[in-house]
Structure formats: C-alpha cells, structure tokens
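In this chain, numbering begins with 1 at the start of the sequence shown. Ligands are counted one by one from 1 in listed order, and the atoms in each one are counted from 1 as well. These figures come from a predicted structure and were not determined experimentally.
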Amino acid sequence: MNSLKIVTIIGARPQIIKAAALSRAIRQHFAHIITEVIVHTGQHYDENMSEVFFQELSIPRPDYNLNVGSAAHGVQTARMIEGIEKILLEVKPDYIVLYGDTNSTLAGAVAASKIHVPVVHIEAGLRSFNKSMPEEINRILCDHCSTLLFAPTPTGYANLIREGFAEDKLPPYTADNPKVFHCGDVMYDNSLHFATLAATQSSILEELRIGEGKFILSTIHRDNNTDQPLRLNAIFRALLEIISLSGLNIVLPLHPRTAKLLNSNLEPEVLLAATAEKRLKLIPPVSFLDMIRLEQQASMIITDSGGVQKEAFFFQKPCIILRSETEWKEIVEVGAAIIANADYEAVVLAWKQFDAHPPSVYPSIFGDGEASRFICRQMLLNCYPDMNVQA
Ligand code: UD1
Ligand code: UDP
C-alpha cells in the first residue's frame with residue numbers, strides 16, 4: 001500500500017505547539033498512510049519550554065533528540081545540521097516538515113535540501129522586511145529551498161508570489177518546481193481544539209488569584225527587546241504606567257532569555273519598581289493550556305511574540321505589538337492590533353486607545369481550523385496523484 005514517511009523538525013516552544021496540530025491530524029485521519037518521525041533539536045530544553053507541551057498536547061515523544069542546547073547562531077545551527085543530516089540519511093523520508101523561522105527551521109532546510117529530501121515549509125511567506133531579525137533570514141532561506149510552501153495568510157501567499165514563486169505550477173512539485181498554497185494557520189487549528197480544554201482544565205487564574213477580565217497579559221522575548229537596555233526599560237516603564245492608570249494586574253510569563261537579562265538590563269529604579277509592584281506578576285513560562293486560559297480571560301495583550309499576537313486575535317483581544325513591524329499585518333489593518341514598538345509613549349497611548357475603543361471586528365483571516373488536514377492531503381497528493389485523500 002502507498003504510504004508516506006515524514007520527518008518533522010521541532011526545537012523551539014512554538015514549533016512544538018504547532019507540530020501538535022499536524023500530529024493530531026495524522027493520528028485522526030491519516031494514521032494508515034502517513035508515518036511521522038519526530039526530531040527535537042533541543043533548541044529549547046527547560047521543562048517549561050519543552051516537556052510540558054508533550055504531556056499536555058498529546059504530542060508523540062520525539063524519536064530523536066539532538067540536545068544541541070543554547071549557543072551562538074552559527075554553532076547552534078551547525079550542530080543541528082549535522083544531526084539532522086545523519087537522521088535523514090538513516091530514515092530516508094519522503095519529506096522533511098519544518099515550522100516557522102527559528103534556527104531549527106533553517107538547519108532542517110539546509111540539511112534536507114543538500115541531500116535532496118523535499119522540504120515542506122509550514123508558515124511560509126511571512127516577512128517582516130527587517131533582515132536584522134535572525135528569523136527573517138531563516139524564513140527567506142527556508143522558503144527558497146522548499147518544495148511545498150504553506151502560507152497561513154493572504155499576505156504570506158502574496159509575498160511568495162512577489163518573490164518569484166509562480167501560481168500556475170503543475171505537479172509533480174520539486175525544489176525546482178515548488179508549489180505555494182494558501183491554507184490557513186495550524187495555530188488556529190490548535191486554538192480551536194484546545195480552547196474548551198483550557199477553559200475546563202487550567203487553574204492558572206485561581207493560582208494567580210486574579211479574576212476574569214481583570215488583567216492584561218504580556219510576553220517579551222525578542223532579542224532586540226531583551227538585549228537592548230533602552231528598549232527593555234521603555235517597555236517596563238510603559239507596563240508600570242499602564243498598571244497605575246488602569247489599576248489592573250499585568251501577568252508576564254517570562255521567557256528564560258528575558259528572565260536572565262532583567263537584572264543586568266533594567267535600570268536599578270525600573271527593576272526596583274517592577275519587583276515592588278504586586279500587580280506586575282512576573283511568573284515562569286506557563287503551559288499551553290494555561291496560556292490559552294490567560295489569553296481567553298485577559299482584557300488586553302501586550303507582546304512581541306508572533307504566536308501570541310495571533311492568539312490574541314483568535315480570542316478577540318486587543319493586542320499591542322512591541323515591535324516596529326509585524327508579519328501578521330492583517331490584524332493591524334483590521335484595527336485589532338497596534339504596532340507600538342518599544343516606545344514608552346506609543347505603548348501607553350495604544351493602551352488608552354484600546355481601553356476607550358476596543359476593536360469590534362475580528363474577521364476570518366486564519367482559515368477554517370483545518371489547515372493541518374489540508375497540508376496532509378497535499379503532501380500525499382504530490383507523491384500519489386491518484387490517491388483518494390478525502391480523509
Ligand atoms: C527562539 C527563536 C525565535 C522564537 C523563540 C520562541 C531563533 C533564532 N529564535 O528564540 O524565533 O520566537 O525561540 O520562544 O531560533 N534558554 C533557556 N532555556 C531554554 C531555551 C532558551 O534558558 O529552554 C535561554 C538561553 O539563555 C538561550 C536564550 O534563552 O541562550 C535564547 O534561546 P534561543 O533558542 O537561542 O532563542 P530564543 O530567544 O528562545
Ligand atoms: N506560550 C506558552 N507559554 C508561555 C508563553 C507562550 O505556551 O509562557 C505559547 C503561546 O501560547 C504560543 C507560543 O507559545 O502558542 C508562542 O511562542 P513564543 O512567544 O515563544 O514564540 P514566537 O511565536 O514569537 O515565535
């Protein structure tokens with residue numbers, strides 16, 4: 001019987017979460033024809049940045065863990081390439097499946113394309129047009145050696161067409177004849193799937209002793225925010241000002257990168273004010289169900305995370321973006337998010353604006369919650385054009 005073997009690369013927190021959606025679709029609809037081999041690069045390794053998601057989201061255990069850990073970009077990526085190449089030569093998959101734009105994504109793309117394993121890129125086409133971001137380099141390079149490119153939004157699709165990918169390609173698709181699809185977002189699949197579970201299983205609000213709607217959720221982890229003291233201080237000053245204006249709590253689950261840099265990069269008086277302010281709840285990273293519960297119940301979300309921006313939109317929460325641009329420009333265009341950068345005045349102003357006039361429109365931008373199933377079908381059809389893949 002015809003069947004497909006894929007190698008999935010995960011490494012960073014958001015990739016583990018995204019991979020849950022495709023693994024679930026395979027388990028539920030394609031278990032008889034798709035075999036998934038999961039490779040964890042070990043880019044994220046703390047219990048609350050990795051292990052917690054496997055338990056909670058029912059993701060199969062990784063078949064391999066490269067345990068690369070943290071290192072400079074070149075060292076980290078090189079270790080991953082070496083490990084992934086060995087596994088690909090051993091497993092001989094039909095595809096390598098890559099998510100997003102991390103160093104694990106780039107390593108998978110380089111390792112696979114050099115030994116002619118077709119690359120499937122999920123979350124293709126996103127662009128910040130800011131090449132000082134490591135992620136922008138990773139995603140462009142990955143897209144341009146991919147065979148099947150799955151863009152989650154119309155903007156992602158249009159970016160790829162503008163970069164020279166043709167719309168009228170005929171199968172079979174290869175690295176030299178790549179195919180671009182607009183298919184919706186696997187993170188939206190996940191949010192729909194886990195929303196009810198989070199509402200019933202998470203006790204994070206009780207643990208933090210905060211009421212529904214009585215807090216703002218924030219996350220900060222981009223290197224240009226954590227590593228540049230001017231930006232980090234401006235963000236924390238703005239958060240403290242919003243607490244004093246609103247009287248609300250701000251819940252801030254700290255990415256380990258941020259946690260490690262607070263003491264050295266915050267000015268002493270900002271650090272003192274942040275630690276003394278009881279309504280600023282600096283907590284360790286939370287599990288996905290806890291995060292979804294927080295997103296569901298927050299009155300607003302302030303973040304530099306790509307994934308959290310989207311989840312704010314899924315749960316219809318106004319979002320202040322702590323970056324100078326976003327790949328998810330649709331959410332800004334419809335008025336659900338404001339780009340405030342790490343600018344004290346702009347962040348406080350955005351809070352005032354949303355507090356007075358919360359957005360009312362959240363149109364359907366991220367698909368129908370079935371992106372993962374669509375991706376599975378397209379992978380199968382490219383290998384077996386005559387297969388009935390209505391599963
Ligand atoms: C990476 C991705 C980024 C993504 C983010 C998701 C790259 C270039 N960046 O950024 O696109 O948005 O993951 O969270 O791939 N650390 C720990 N424990 C861990 C993991 C990291 O302590 O389990 C600390 C280490 O000090 C490490 C630092 O965080 O040096 C940064 O980790 P790294 O994976 O290099 O980048 P992220 O900032 O997490
Ligand atoms: N997330 C989580 N716990 C946290 C912070 C984030 O489960 O404490 C989830 C969040 O819901 C989203 C994903 O992690 O699904 C986003 O990852 P992150 O912000 O690390 O990276 P990015 O999306 O910016 O690449």
Could you check whether any heavy atom of K18 sits closer than 4.0 Å to an atom of ligand 2, since that is the contact criterion I want to use? no
Residues D143, R127: salt bridge by 4.0 Å N-O rule: yes
With a 4.0 Å cut-off on heavy atoms, does T219 reach ligand 2? no
Sidechain N-carboxylate O distance under 4.0 Å for E345, R237: no
Test of understanding: given a 4.0 Å heavy-atom threshold, classify the contact between P253 and ligand 2 as side chain, backbone, both, or neither. side chain
Return yes when E135 approaches ligand 2 closer than 4.0 angstrom through a heavy atom, no otherwise. no
Hits for side chain to side chain contact (heavy atoms under 4.5 Å, CB included) against D368, two or more places apart or cross-chain, chain-then-number order -> E370
What part of S287 sits under 4.0 Å from ligand 2 if we count only heavy atoms: the side chain, the backbone, both or neither? backbone
Identify, for atom 25 (O) of ligand 2, the protein heavy atom at the shortest distance, and state residue, atom and that distance. P14 CG, 3.5 Å
Taking the side chain as everything from C-beta on, heavy atoms only, tell me whether E295 gets closer than 4.5 Å to K317. no
Salt bridge E241-K352, side-chain N to carboxylate O under 4.0 Å: no
Consider every N or O of H221 and every N or O of ligand 1, then say whether any pair is closer than 3.5 Å. yes
